[in-house]
Peer 1: 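To start, I am sharing the structure in question, which I have written as structure tokens.
Everything numeric here is computed off the predicted structure, so don't read it as measured data. The figures here come from the full heavy-atom set of this structure, side chains too, leaving out hydrogens, waters and symmetry mates.
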Amino acid sequence: MTAATAETIAAIPLSSSLKDLEKGMAQAGSYADWSELALQHDMQSGGTRWRETLETTLYDYTEIRSRHEKLRQWLAQRASSELLYALNEGVHGNMGGMGRPILYSRALSGTKQMIEDYVGAIAQALNFIHRCPEQEISQTEKVDFFHRASHCYGRSALLLSGGAGLIYFHHGVVQELIDHDLLPNVISGASAGAIMAAQLGTLSNEELKQGYFTKKRYHAPTQTRMLDVIMGKVEPVDLKEAREQLLDEIIPRDITFQEAFEKTGRYINISISPAGKHQSSRLMNAITSPNVYIRAAVSASIAIPGLLAPERLYAKGFDGKPRPYLETRRWVDGSLSNDLPVKRLSRLYGVNHFIVSLINPVVVPFIRDVKTQQYKGLRNALSVSTVRVAGELLTVVERLLAGRGTRGKALAAQLAYLTAMLDQSYLGDINIMLSKSDFKWRQALFEFRPGEVESMIQAGMRSTWPKISMIRNAALISQTLDRVLEELSMDAMGCNTRAKHHVYA
């Protein structure tokens, strides 16, 4: 706990109002500080009583209680066959509706205690089955069970949107997930999110745990102002050099998606959009494009149409030398058509639970997180309608500008870019969203004043804290399944060290 935050908490009397506690939470310097105040808030607001009370109409508490009692009984008796049978009845993240986000909106410190106990019991039971002697449950039975359980349960993915200079909000979100050991193995990014994904895919856990993203700064965008680029004041050759300088700060030149996976075991995915018509967007990763250089994919994913030239992809050939990949194609900003590639991630990795960090300044003012609301209501309908109307208006203006000379065409290209972004879905199961009050438009252009970068990182951390309990409950079972499958695969291969192979494919 920081000294300043300790003073803030100490200054809040136990009988303080909920508003005083909320003010203290907004000023908290760490999750531990925030959590302490959240517990006080729950005690006063009735959240603690709600968590401890079993009954509610929001999930099937009778079914969850019954299954929890069975698991505890078979664990206590070390009845491996009965336990395996009970688990074979189904390991699901939303059993009886227990995964509904609304269940995390009634108390700040977590959801129903029964749900947390049940999730913990499942993880304990899975570990018990894994360690069970061969004479009780054979290795073949274990492999078969864990593969089926993993397929049924699915896993989480972290989706990082584009947003240029607002990337520092991602820094805060990701660092909190790293520090709580909650970073999913499947990560997707577009544009600014691609910059994050590249670093996550190539840096070790030890490097990331040292507060990497709280310290990391990007210097190239401050040397070549994005506003000058937009105004056409930067020569193409200087712009190309600036992009290379930024990439030098992010990713080595010669590492491929497969090599990065072998180093970290993380599946990073980078969205890119086609520069030409009648082509489809691509999701670059170690499964679909193992030999492609990550640096080339990032370079394409940050190529904003009308500002940066489309990028050609390069891959490592069988001789170890670079060669063009899809030689006739050129690619641009991944945010344009595939900022959050939910369907593709579901198909590739069995992902059925999505954590979204949203910083896209074009859509943030229009999006509301309705996942934690029991009734979506009129305001949500108005929000959806506003996005639709804004997109239609931009389309009309784009067509008018397209016939107004070179400058008009350039502006029309930018409007087409904005329109395409508004036409996408931006909400996941858990949404960590940059608040309109936490950024200024100039910051999207990397125009930061002293202390503002740190404030942006803090905003990302602060926005993550209320979601930690929900992410932990969602991740515990899938992380257990993935770890067990990795160890079973390692045993089958006779490896003495951690294997890096495609357990999802």
Side-chain angles (χ1 to χ4, degrees), residues 18 21-22 25 31 34-35 37-72 90-125 152-159 173 176-177 180 182 184 351-358 367-377 379-380 427-433 462-480:
L18 295 180
L21 289 168
E22 289 163 4
M25 291 165 66
Y31 175 70
W34 180 91
S35 182
L37 293 171
L39 287 169
Q40 291 184 37
H41 191 286
D42 284 345
M43 290 178 65
Q44 292 195 34
S45 68
T48 301
R49 184 170 59 254
W50 181 85
R51 290 191 64 198
E52 294 172 350
T53 302
L54 183 66
E55 294 79 6
T56 180
T57 60
L58 298 177
Y59 78 114
D60 190 345
Y61 60 87
T62 303
E63 178 184 15
I64 299 302
R65 177 175 58 186
S66 174
R67 294 182 65 84
H68 178 254
E69 290 174 351
K70 284 184 179 179
L71 290 177
R72 300 308 305 173
V91 179
H92 304 291
N94 198 29
M95 177 70 71
M98 70 175 190
R100 298 180 64 195
I102 185 66
L103 283 163
Y104 291 82
S105 65
R106 301 300 177 88
L108 297 177
S109 57
T111 186
K112 291 288 188 180
Q113 190 62 49
M114 173 54 68
I115 292 177
E116 296 185 357
D117 291 344
Y118 177 56
V119 170
I122 291 177
Q124 186 179 353
C152 292
Y153 188 82
R155 56 188 44 83
S156 298
L158 174 63
L159 280 62
V173 172
E176 281 298 307
L177 296 180
H180 286 85
L182 293 174
V351 173
N352 58 2
H353 184 264
F354 296 91
I355 305 167
V356 173
S357 180
L358 181 61
I367 298 295
R368 296 179 64 251
D369 183 6
V370 298
K371 294 287 185 175
T372 56
Q373 299 177 9
Q374 190 168 6
Y375 305 106
K376 296 181 175 58
R379 289 184 64 187
N380 178 58
L427 293 180
D429 298 285
I430 299 176
N431 301 293
I432 306 172
M433 302 169 59
R462 187 175 61 245
S463 298
T464 307
W465 295 337
K467 312 287 185 177
I468 290 293
S469 175
M470 188 176 183
I471 296 172
R472 182 179 289 115
N473 283 339
L476 181 59
I477 296 174
S478 62
Q479 287 181 339
T480 301

Peer 1: Using atom types as modelled and distance alone, determine if a side-chain donor or acceptor of Ser478 lies under 3.5 Å from a backbone N or O of Ala475.
Peer 2: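 Yes.
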
Peer 1: Do you know the tightest heavy-atom contact between Val351 and Ala157?
Peer 2: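 Val351 and Ala157 have their closest heavy atoms at CG1-CB, 3.6 Å.
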
Peer 1: Considering non-hydrogen atoms only, spot the tightest contact between Gly97 and Leu103 and give its length.
Peer 2: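 Distance-wise, the nearest heavy atoms are O-CD1, 3.5 Å.
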
Peer 1: Between Ile355 and Ile432, is any pair of side-chain heavy atoms under 4.5 Å apart?
Peer 2: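 When only atoms from C-beta onward are counted, Ile432 and Ile355 do touch, with a gap below 4.5 Å.
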
Peer 1: Counting N and O atoms only, with roles assigned by atom type, does the side chain of His180 sit under 3.5 Å from a partner on the main chain of Glu176, one being a donor and the other an acceptor?
Peer 2: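 The answer is yes, because a donor-acceptor pair under 3.5 Å joins these two groups.
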
Peer 1: Taking all non-hydrogen atoms of both residues, which atom of Asn431 and which atom of Lys467 are closest, and how far apart?
Peer 2: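 Closest approach of Asn431 to Lys467, heavy atoms only: O-CE, 3.2 Å.
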
Peer 1: Could you tell me the separation between the CD1 atom of Ile115 and the OG atom of Ser469, rounded to the nearest 0.5 Å?
Peer 2: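 Separation between the atoms: 9.5 Å.
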
Peer 1: About how many Å separate OH of Tyr153 and CD1 of Ile122, when rounded to the nearest 0.5 Å?
Peer 2: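 It is 7.0 Å, given to the nearest 0.5 Å.
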
Peer 1: Within the distance-only criterion (no hydrogens, no angle test), does the side chain of Arg51 pair as donor or acceptor with the backbone N or O of Ala107 below 3.5 angstrom?
Peer 2: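 Judged by distance alone, no pair lies under 3.5 Å.
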
Peer 1: Please enumerate all residues that pass side chain to side chain contact (heavy atoms under 4.5 Å, CB included) together with Leu476, with sequence neighbours excluded.
Peer 2: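 For Leu476 the side chain to side chain contact (heavy atoms under 4.5 Å, CB included) partners, ignoring immediate neighbours, are Val119, Ala123, Thr480.
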
Peer 1: Side chain to side chain contact (heavy atoms under 4.5 Å, CB included) with Glu52: which residues, sequence neighbours excluded?
Peer 2: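 Side chain to side chain contact (heavy atoms under 4.5 Å, CB included) check on Glu52 returns Thr48.
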
Peer 1: So that I can tick it off, tell me whether Arg472 and Glu116 are bridged by a salt bridge, with the cut-off set at under 4.0 angstrom between side-chain N and carboxylate O.
Peer 2: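 No, Glu116 and Arg472 are not salt-bridged.
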
Peer 1: Specify whether Trp34 and Tyr31 have parallel, tilted or perpendicular ring planes, treating 30° as the upper limit for parallel and 60° as the lower limit for perpendicular.
Peer 2: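 Aromatic pair Trp34/Tyr31 classed parallel.
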
Peer 1: Considering non-hydrogen atoms only, spot the tightest contact between Pro184 and Ser156 and give its length.
Peer 2: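 That closest heavy-atom pairing would be CB-O, 3.6 Å.
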
Peer 1: Do you know the tightest heavy-atom contact between Leu54 and Tyr59?
Peer 2: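 Closest pair (atom of Leu54, atom of Tyr59, distance): O-OH, 3.6 Å.
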
Peer 1: To the nearest 0.5 Å, how far apart are CE in Met95 and CG in Asp60?
Peer 2: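 It is 10.0 Å, given to the nearest 0.5 Å.
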
Peer 1: How far does CG of Leu108 sit from OG of Ser45, to the nearest 0.5 angstrom?
Peer 2: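 Reported to 0.5 Å precision, the distance equals 6.5 Å.
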
Peer 1: Does some side-chain heavy atom of Ile430 sit less than 4.5 Å from a side-chain heavy atom of His353?
Peer 2: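 Yes, at least one pair of side-chain atoms sits under 4.5 Å.
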
Peer 1: For a quick test of reading the model, state the closest non-hydrogen atom pair linking Asp429 to Met470 and the distance between them.
Peer 2: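 Asp429 and Met470 have their closest heavy atoms at O-CE, 3.9 Å.
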
Peer 1: Rounded to the nearest 0.5 Å, how far does CD1 of Ile471 lie from CG of Leu158?
Peer 2: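 Separation between the atoms: 8.5 Å.
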
Peer 1: Nearest 0.5 Å, please: how far is NZ in Lys112 from OG1 in Thr53?
Peer 2: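 Rounded to the nearest 0.5 Å, the OG1-NZ separation comes out at 5.5 Å.
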
